[in-house]
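Atoms within a ligand are numbered from 1 in the order they appear, just like the ligands themselves. Note that these values count all heavy atoms, side chains included, but never hydrogens, waters or copies made by symmetry.
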Amino acid sequence: MGRIISVASQKGGVGKTTTAINLGACLAQESRRVLIVDVDPQANATSGLGVNGNDQKTTVYEVLLGHAGIAEAILPTALANLDVAVSGQRLSGAEVELVGVMARETRLKNAIAAVRDQYDYVLVDSPPSLGLLTVNALTASDSVLIPLQCEYLALEGLTQLIGAIRLVQDNLNPGLRIEGVLLTMYDSRLNLSQQVAEEARKFFADRLYRTVIPRNVRLSEAPSFGKPIVLYDPHSTGAESYRELAREVLEHA
Ligand code: ATP
Ligand code: MG
């Protein structure tokens, strides 16, 4: 049975998608069967893996609305062992269209159940909000990985996220755990990065990954080539750090 991990934060641009794609790719290179489920209408995980979701007949949108099974939304990627359940713009309508629909918070969980035994890891990339799509991601997951960008007031936004995780634990998914907190876009030249890292270490203790993802321009270039970093530039510091993260995630399991 695959472990389901959602990558979540209501803050935009903190490295959720970069982490979902590249952790997924590194786990796949460690011979794990990995599915990335893109539940963000921006579809950055889909396009970052070289797939255009808007050309796709079946996406996570049709799946959430109950018009298709998740298998129909899954495509292989350029990397062996790595598949993606694609998103597209249509998904932006789902939050509204699912209002008043039965069991709307558990739709993703039920959908993933159909393919879970085919994967070792299912990584869910969620949008920068705490709306119904993120609630579906958290409800479907065994654990949540929280990327924390090394910037001013990084910890401030976490209260809201932890609150949402509690709500989901209390009402929908009592087994939900925090998989780990990941420092992203770390710049060792900046005092600020070091301060955020220090604060996060105090606050999260052993829930903070030892691995820190540095700011690395190769990581930001890779998505426009539709490739994970391990294919785009396997020797970059970005690739090395996501490989290290994958080893740490495997250690935890
Ligand atoms: P959103 O909330 O919009 O979904 P996100 O949390 O998924 O954003 P990403 O898309 O992963 O964040 O990253 C935001 C931007 O920062 C992207 O352009 C990405 O390429 C870039 N980026 C992410 N991580 C790094 C890094 N370690 N070094 C340099 N650039 C990075
Ligand atoms: Mg994203």
One should read off an interatomic distance between L82 CG and L231 CG, to the nearest 0.5 angstrom, of 9.0 Å
Hits for side chain to side chain donor-acceptor pair (under 3.5 Å) against Y121, two or more places apart or cross-chain, chain-then-number order -> none
Within the 4.0 Å heavy-atom sphere of ligand 1, strictly under, residues: K11, G12, G13, V14, G15, K16, T17, T18, D40, Q42, P128, M185, I213, P214, R215, N216, L219, S220
Output yes when R218 and E221 qualify as a salt bridge under the 4.0 Å nitrogen-oxygen rule, no when they do not. yes
Look at R215 together with E151 and state whether they make a salt bridge at an N to O cut-off of under 4.0 Å. no
Let's test this: below 2.8 Å, count the protein N/O/S atoms around the Mg ion (ligand 2). 1
Salt bridge check: are E199 and R201 linked by an N-O gap of less than 4.0 Å? no
Using a strict threshold of under 4.0 Å (side-chain N to carboxylate O), is an ion pair present between E179 and R207? no
By ring-ring contact (aromatic ring centres under 6.0 Å, His included) - contacts of Y232 (at least two apart): F225
Indicate yes or no: does R33 engage D120 in a salt bridge with an N to O separation below 4.0 Å. yes
One thing to verify: whether E240 and R243 come together as a salt bridge, which I'm taking to mean a side-chain N less than 4.0 angstrom from a carboxylate O. yes
